[in-house]
Trainee: 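Once you've had a glance at the structure underneath, I'll fire off some questions.
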Amino acid sequence: MIDRQSIRRSFDEMSAALARRGADVVAPNSPWGRAQALDIKQRELKAEAESLQAERNKVSKLIGQKKGAGEDASAELAAMGNASRQVKEIEAQAKEADAQFSAALLEIPNPLHESVPSGSSEDDNIEIRRWGTPRSDEVPAHWDIGTDLGILDFEAGATLAGSRFTVLKGAAARLERGLMQFMLDTHVDKHGYDEVWVPAIVNRKTMTGTGQLPKFEDDLYKLEGEDAFLIPTAEVPVTNLYQDQILDASSLPRRHCAYTPCFRREAGSAGRDMRGMIRQHQFDKVELVHITTAERALSELEELTAHAEAILQALELPYRMVELCSADIGFSAQKTYDLEVWLPSQQCYREISSCSSFGQFQGRRAGIRYREESDKPQPVATLNGSALAIGRTLVAILENGWQQDGSILIPTALQPYLGGMKSIQSNTLTL
RNA sequence: GGAGAGAUGUCUGAGUGGUUGAAGGAGCACGCCUGGAAAGCGUGUGUAUCUUAACGGGUACCGAGGGUUCGAAUCCCUCUCUCUCCGCCA
């Protein structure tokens, strides 16, 4: 959420930053347009209500004093009879205007950081660096590799749940579990993160705190009969761990990692990546979350991204890092780096991690603040990134580790997590 | 799911419908005292928002939302959460 006072105090800069990411800053019925009008209306009504309240409080106090002293207060009582009805009416109007104003604010995206490159589509994203040497020989798609080995079963997934669900068997199931352990251990032991384990179902307020709601309800699985949702990412519960809290500046930055399953309806991506495990309704992910100060947000973004990169490097997976341009950046983010892993079957890099700084956008929404000494509390800056999406990591390992004989080489760092397994041979399971 | 109890500030803990933003205590900050510390004494110590150059002032907030009333932390209704007991379960 943007700072509500910025509408008045830094209108031009705000408009420009919003326009750069493609938000409508002209139409009166756009969130930005509505926010401007409602800000004025809301403050006018509030001022009126407050002066009426002040008068009411004064007279009520007087009545109390008179009654306490045994004096007659019937004149004041009569006068206040009508006045109080008027107070209530204006109060109700002011409340309504404020609610509409707040609702409009929640639909305004995060103004981009000035360092974000402008662009008109994802093609304008900027490559920052590459790591590793991509193999250029012909490699089958992971769905063929996995099916041949008998460790990925797409038909079973479809039978059990529908499209975009997969059953992992034997070595693949173990690989999924091993990757999760490996990633968590690395972040906790080498990068100093505090591990948490959180609910995969959250309520509406929590979903609103990180920005998934109110705009993106269609992308979420909602529980029937309850105002609760399956999380699309651990970002939601982990960041909201601190909702409505005032943290001591000395306790920042806070860095958490968490494993959770993630659930996405993929409503807007019908037809894309229908084969294989790239785009699933349910997938596993290890997420990194930083809670810090506004000043430190960008340097923390570099660190957080480096922590995600460390996983790819340890797994010997070639990747590149791109900075998202203004057209491709998410609603809540201020600045985003994507990590894209090399998929030899597609001869291209595919997103495997997205690391973002949200500035104070989420801190404001979720009421997460910090205090420096005796200063006034101010919203924290938040960051998060995947490190990594486990399903896509598994895909990358299958394709990058594929050998001509159909077996898969396991990266050395991962072998201890697979009971010492060095390669996946054709499946020997009786599944 | 059934029955009961509860939710007040950083914490603890009062609160009779009327100068209560909220007693008392603890904690914290500053000052005095001290060789230094402890103890003691004194002062201060919520959030949001509007307004003001500033000092200051207004308003709202005692789990959330409604209602009664001139006036609600206090009375009524609904909801959420916590605790205890029962039932059911991993």
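A note on names: the letters A, B, ... follow the listed sequences, proteins ahead of strands, and every chain is numbered from 1.
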Trainee: Could you label the plane-to-plane angle of the A:F165 and A:H281 rings as parallel, tilted or perpendicular, counting under 30° as parallel and over 60° as perpendicular?
Mentor: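 A:F165 and A:H281: tilted rings.
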Trainee: Phosphate oxygens OP1/OP2 of B:rC50: is one of them under 4.0 Å from a side-chain N or O of A:Q42?
Mentor: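 It does not, given that no N or O in the side chain of A:Q42 lies less than 4.0 Å from OP1 or OP2 of B:rC50.
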Trainee: Taking the six-membered ring for Trp and the full ring for Phe, Tyr or His, determine whether the centres of A:H290 and A:Y193 are under 6.0 Å apart.
Mentor: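 Distance test on ring centres: under 6.0 Å, yes.
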Trainee: Distance between the C1' atoms of B:rU47 and B:rA54, in whole angstroms?
Mentor: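 It comes out at 23 Å once rounded to the nearest Å.
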Trainee: Could you please name the partner base of B:rA5, counting Watson-Crick and G-U wobble pairs only when both distances are under 3.5 Å?
Mentor: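 Pair assignment: B:rA5 / B:rU82.
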Trainee: For A:K88 and for A:R43, find the nucleotide of RNA chain B with the closest heavy atom, then tell me which residue's nucleotide is more 5'.
Mentor: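 That would be A:R43.
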Trainee: Suppose we define a pair by two distances each less than 3.5 Å, Watson-Crick or G-U wobble; what does B:rA72 pair with here?
Mentor: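 Check on B:rA72: unpaired, no WC or wobble geometry under 3.5 Å.
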Trainee: Counting only Watson-Crick pairs (N1-N3 plus N6-O4 or O6-N4) and G-U wobbles (N1-O2, O6-N3), all under 3.5 Å, who is the partner of B:rG36?
Mentor: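 Result: none.
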Trainee: Walk me through whether A:S353 and A:E351 qualify under side chain to side chain donor-acceptor pair (under 3.5 Å).
Mentor: CA-CA 6 Å; A:S353 170; A:E351 177 184 339; over 6 Å; no
Trainee: Ring centres of A:F331 and A:F216 under 6.0 Å apart?
Mentor: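 Between A:F216 and A:F331, which both carry aromatic rings, the centre distance is below 6.0 Å.
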Trainee: Answer yes or no: is there an ion pair linking A:R34 with A:E107, defined by an N-O contact shorter than 4.0 Å?
Mentor: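 Looking at A:E107 together with A:R34, the answer is yes, because their closest N to O distance falls below 4.0 Å.
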Trainee: Specify the separation, in whole Å, of atom CG of A:L62 and atom P of B:rU19.
Mentor: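 Interatomic distance, CG of A:L62 to P of B:rU19: 13 Å.
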Trainee: In terms of side-chain geometry, is the basic nitrogen of A:K41 or A:D98 positioned less than 4.0 Å from the acidic oxygen of its partner?
Mentor: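 Here A:K41 does not pair with A:D98 in a salt bridge, since their nearest N and O are not under 4.0 Å apart.
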Trainee: Let me know the distance between CG of A:D98 and P of B:rG65, rounded to the nearest Å.
Mentor: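 For the pair A:D98 CG and B:rG65 P, the rounded distance is 12 Å.
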Trainee: Name the pairing partner of B:rG44, where a pair is Watson-Crick or G-U wobble with both distances under 3.5 Å, or state none.
Mentor: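 Per the H-bond distance test, B:rC28.
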Trainee: Considering only atom P, compute the distance from B:rU43 to B:rA26 and round it to an integer number of Å.
Mentor: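 The same atom, P, in both gives a distance of 14 Å.
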Trainee: Please list residues of residues 46-60 of chain A whose heavy atoms come under 4.0 Å from any atom in RNA chain B, ordered by number; otherwise none.
Mentor: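 Residues of residues 46-60 of chain A under 4.0 Å from RNA chain B: A:E50, A:Q53, A:A54, A:R56, A:N57, A:S60.
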Trainee: Could you give the distance separating B:rG18 and B:rU74 at their C1' atoms, to the nearest angstrom?
Mentor: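 My reading of the C1' atoms in B:rU74 and B:rG18 gives 11 Å.
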Trainee: Take the protein atom CG of A:D39 and the nucleotide atom C1' of B:rU49, then report the distance between them rounded to whole Å.
Mentor: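 Between C1' of B:rU49 and CG of A:D39: 12 Å.
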Trainee: Round to the nearest Å and state the distance from A:Q65 atom CD to B:rU20 atom C1'.
Mentor: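 Spelled out: CD on A:Q65 to C1' on B:rU20 is 14 Å.
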Trainee: Can the ring centroids of A:H187 and A:Y259 be said to lie less than 6.0 angstrom from one another?
Mentor: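 So the answer is no for these two rings.
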Trainee: Measure from CG on A:D3 to C1' on B:rA48 and round the result to the nearest Å.
Mentor: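 It is 13 Å, rounded to the nearest whole Å.
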Trainee: If you measure from the C1' atom in B:rG27 to the same atom in B:rG66, how many Å do you get, rounded?
Mentor: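 Comparing C1' positions in B:rG27 and B:rG66 gives a spacing of 37 Å.
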Trainee: Write down the distance between NZ (A:K95) and C1' (B:rC61), rounded to a whole number of angstrom.
Mentor: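 Rounded to whole Å, this separation is 11 Å.
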Trainee: Salt-bridged, A:D284 to A:R177, with N to O below 4.0 Å?
Mentor: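 Salt bridge: no.
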Trainee: Identify whether the distance between the nearest side-chain nitrogen and carboxylate oxygen of A:R164 and A:D273 falls below 4.0 Å.
Mentor: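 Judged by the 4.0 Å cut-off on N to carboxylate O distance, A:R164 and A:D273 do not form a salt bridge.
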Trainee: Could you work out the separation of B:rG40 and B:rC83 based on their C1' atoms and round it to a whole Å?
Mentor: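 These two C1' atoms come out 41 Å apart once rounded.
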Trainee: Which atoms form the tightest heavy-atom contact between A:I90 and A:L45, and what is the distance?
Mentor: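 Where A:I90 meets A:L45 most closely, the heavy atoms are CG2-O, 3.8 Å.
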Trainee: Please name the nucleotide paired to B:rA22 by Watson-Crick or G-U wobble geometry with both distances under 3.5 Å, or report none.
Mentor: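 Matched B:rA22 with nothing under the 3.5 Å cut-off.
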Trainee: Which residue is it: A:E303, A:E195, A:E287? I am looking for the one with a salt bridge (Lys or Arg N to Asp or Glu O under 4.0 Å) to A:R255.
Mentor: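 The single option meeting the salt bridge (Lys or Arg N to Asp or Glu O under 4.0 Å) with A:R255 is A:E303.
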Trainee: Could you tell me whether A:R8 contacts a base, only the sugar-phosphate backbone, or nothing, with contacts defined as non-hydrogen atoms closer than 4.0 Å?
Mentor: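 Touches sugar-phosphate only.
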Trainee: Closest nucleotide of RNA chain B for A:M80 versus for A:Q378: which of these residues is on the 5' side?
Mentor: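 The 5'-side residue here is A:Q378.
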Trainee: Please report the distance separating the P of B:rG15 from the corresponding atom of B:rG24, rounded so that it comes out in whole Å.
Mentor: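 To the nearest whole Å, 15 Å.
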Trainee: Rounded to the nearest Å, what distance is computed from the CG atom of residue A:N203 to the P atom of nucleotide B:rG63?
Mentor: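 After rounding, the reported distance stands at 19 Å.
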Trainee: For B:rC88, what is the paired nucleotide under Watson-Crick or G-U wobble rules, both distances under 3.5 Å?
Mentor: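 Base-paired to nothing in any strand shown.
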Trainee: Whole angstroms only, please: what is the CZ-P distance between A:R371 and B:rA48?
Mentor: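 Computing the A:R371:CZ to B:rA48:P distance gives 8 Å.
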Trainee: C1' atom, B:rA22 versus B:rC79: distance in rounded Å?
Mentor: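 Straight-line distance between the two C1' atoms is 26 Å.
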Trainee: Could you measure between the two P atoms, the one in B:rG9 and the one in B:rC61, and give it in whole Å?
Mentor: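 These two P atoms come out 15 Å apart once rounded.
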Trainee: Using heavy atoms and a sub-4.0 Å distance, could you list which residues of residues 99-107 of chain A are near RNA chain B? By number, please.
Mentor: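 Contacts with RNA chain B under 4.0 Å: none.
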